[in-house]
Asks: 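Quick one: the structure is below, and I'll ask about it shortly.
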Amino acid sequence: MEFNNLLIEKDADIAIVTINRPKALNALNAETLSELGTAFDALAQDDCVKVIILTGAGDKAFVAGADISFMQNMNAIEGRNFALLGQQVFSKIENLPKPVIAAINGFALGGGCELAMACDIRIASEKGKFGQPEVNLGVIPGFAGTQRLPRLVGKGIAKELLYTGDMFGADVAFRIGLVNKVVPVAELLDSARELAKKIASKGALAIRLCKEAVNEGLEMEVEKAYAHEANLFGLCFATEDQKEGMSAFLEKRAPQFKGK
Ligand code: CAA
């Protein structure tokens, strides 16, 4: 696959997607969003890929937001369509049947913070800088930041961040639960790879069903979510991985999962 704004690299069963517009701090225009959609569709179908890492090119930014030059002269309909495009692509990532880890190497602002929040797990370098600065531009987040931010950090802190547009560092992002961990700059990709490898060594179907149970369950009334979990748990018993995992435990050996 060739893209104008993305690099895709595969290392065993891990794929690394790099947003590659470093001169514009990897800002998201419509073409980049569409390419992300195409790339993630293909990675979802690729049986060799178990975990995906998403990062930004260069040493300054993960993604510094939606592309302001691209948005400047939009009319209301174009603005709505651009938001819908971003939302569709980010929902695809959030609901991809494989885990996606954001490796945040610098600015994750506006649409960049929203993109990171659509990933399953966020690892930031000590240089990570976060924020939803849209109010400084006279707009609101359009790629679902008003919804994902309060779900991750709580309503009160989310509102403060949305109303002030303040930028904050990786230490604060960790404290409020926006990122899972903070690592030195030089260790960011290795740390993401190490986590990806650990996840890739588990049964891929079980990981997929965990993701479904969390994502879908959180949108349900809790008793229904419990029932949904029980159904997905039951489904595990139709897989070879369940038979292998439990046999391996009882035979005191390491399991060989096939993702079947
Ligand atoms: N869109 C387009 N271009 C951007 C950009 C963006 N979001 N962010 C940075 N760039 C460009 C700059 O225009 C500049 O280009 P030129 O060299 O051609 O002038 C280049 O990237 C480097 O940026 P700076 O010179 O500004 O770098 P800096 O280190 O001084 O500052 C920064 C870095 C603090 C991230 C600053 O660039 C900045 O504030 N960027 C905008 C951040 C922002 O407001 N993001 C939210 C966008 S709105 C949004 O995302 C809406 C939504 O939810 C859908």
Asks: One pair to check against side-chain contact (heavy atoms from CB on, under 4.5 Å): Glu78 and Met71. What are the steps and the verdict?
Replies: CA-CA 9 Å; Glu78 289 163 345; Met71 291 184 291; over 6 Å; no
Asks: Give, for atom CD of Gln256 and atom CD of Glu240, the distance between the pair rounded to the nearest 0.5 Å.
Replies: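 Going from the CD atom of Gln256 to the CD atom of Glu240 covers 13.0 Å.
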Asks: In Å and rounded to the nearest 0.5 Å, what is the CD1 to CG distance from Ile53 to Asp11?
Replies: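 That separation rounds to 8.5 Å.
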Asks: Take atom CG in Asp59; do more than 12 heavy atoms of anything else shown fall under 6.0 Å from it?
Replies: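 Count not over threshold, so no.
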Asks: May I ask you to decide if Asn5's main-chain N or O and Arg21's side chain share a donor-acceptor pair within less than 3.5 Å?
Replies: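 The answer is no, because no donor-acceptor pair under 3.5 Å joins these two groups.
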Asks: Can you give me the closest heavy-atom contact between Cys113 and Gln132, atom names plus distance?
Replies: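 Of all heavy-atom pairs spanning Cys113 and Gln132, the closest is CB-OE1, 3.3 Å.
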Asks: Hey, is the main chain of Ala103 close enough, under 3.5 Å, to the side chain of Thr55 for a donor-acceptor pair?
Replies: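 Yes; at least one donor-acceptor contact below 3.5 Å.
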Asks: Check for a donor-acceptor pair, side chain of Thr164 on one end and backbone N or O of Asp166 on the other, with a separation under 3.5 Å.
Replies: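 Answer holds: yes.
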Asks: Quick check, are the ring centers of Phe90 and Phe40 under 6.0 angstrom apart?
Replies: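 Centroid separation for Phe90 and Phe40: 6.0 Å or greater.
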Asks: Above 12 or not: heavy atoms from other molecules or residues under 6.0 Å from CD of Gln87?
Replies: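 Enclosed.
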Asks: Can Leu28 and Leu36 be said to form a side-chain contact (heavy atoms from CB on, under 4.5 Å), step by step?
Replies: CA-CA 10 Å; Leu28 300 171; Leu36 275 172; 4.3 Å; yes
Asks: Determine yes or no for a side-chain-to-main-chain donor-acceptor pair under 3.5 angstrom, with Asp241 supplying the side chain and Phe257 the backbone.
Replies: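 No: the side chain of Asp241 does not pair with the backbone of Phe257.
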Asks: State whether the number of non-hydrogen atoms from other residues, nucleotides or ligands found under 6.0 Å of Lys243 atom NZ is greater than 12.
Replies: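 Yes, NZ of Lys243 has more than 12 neighbouring heavy atoms, counting only those of other groups under 6.0 Å.
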Asks: Heavy-atom count around Phe237 CZ within 6.0 Å, excluding the residue itself: above 12?
Replies: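 It does: Phe237 CZ has more than 12 such atoms within range.
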Asks: Is Lys10 salt-bridged to Asp46, cutoff N-O under 4.0 Å?
Replies: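 The answer is yes: the pair qualifies as a salt bridge.
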Asks: Does Glu221 have more than 12 heavy atoms from other residues, nucleotides or ligands lying within 6.0 Å of its CD?
Replies: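 More than 12 within 6.0 Å, yes.
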Asks: Taking Cys236's backbone N and O only, do any of them form a donor-acceptor pair with Thr239's side chain (distance below 3.5 Å, no angle check)?
Replies: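 Confirmed, Thr239 side chain pairs with Cys236 backbone.
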Asks: Are the side chain of Asn180 and the backbone of Arg122 linked by a donor-acceptor contact shorter than 3.5 Å?
Replies: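 Present.
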Asks: Flag yes if more than 12 heavy atoms outside Glu251 fall under 6.0 Å of its CD atom; otherwise flag no.
Replies: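 Result for CD/Glu251: enclosed.
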Asks: Given the rule in the side-chain contact (heavy atoms from CB on, under 4.5 Å) test, do Lys98 and Ile207 qualify, once you have shown the distances and angles that lead to the verdict?
Replies: CA-CA 7 Å; Lys98 299 175 184 182; Ile207 301 291; over 6 Å; no
Asks: Does a donor on one side chain and an acceptor on the other come within less than 3.5 Å for Asn215 and Glu94?
Replies: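 No, no side-chain donor-acceptor pair sits under 3.5 Å.
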Asks: Go through it in stages, so that I can follow the logic: the residues are Thr32 and Glu35, the test is side-chain contact (heavy atoms from CB on, under 4.5 Å), and I'd like the CA-CA distance, side-chain angles, deciding distance and then a yes or no.
Replies: CA-CA 5 Å; Thr32 309; Glu35 288 188 355; 5.7 Å; no
Asks: Atom CD1 of residue position Ile77 - does it have more than 12 heavy atoms of other residues, nucleotides or ligands inside 6.0 Å?
Replies: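 No, CD1 of Ile77 has 12 or fewer neighbouring heavy atoms, counting only those of other groups under 6.0 Å.
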Asks: Report the relative orientation of the aromatic rings in Phe168 and Phe130; use parallel for angles under 30°, tilted for 30 to 60°, perpendicular for over 60°.
Replies: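 Taking Phe130 first and then Phe168, their aromatic rings lie parallel (interplane angle under 30°).
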Asks: Is any side-chain heavy atom of Leu188 closer than 4.5 Å to a side-chain heavy atom of Glu126?
Replies: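 Of all side-chain heavy-atom pairs linking Glu126 with Leu188, none is under 4.5 Å.
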Asks: For Asn75, does the CG atom sit with more than 12 other heavy atoms under 6.0 Å from it, leaving out its own atoms?
Replies: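 Atom CG in Asn75 is crowded, with more than 12 foreign heavy atoms closer than 6.0 Å.
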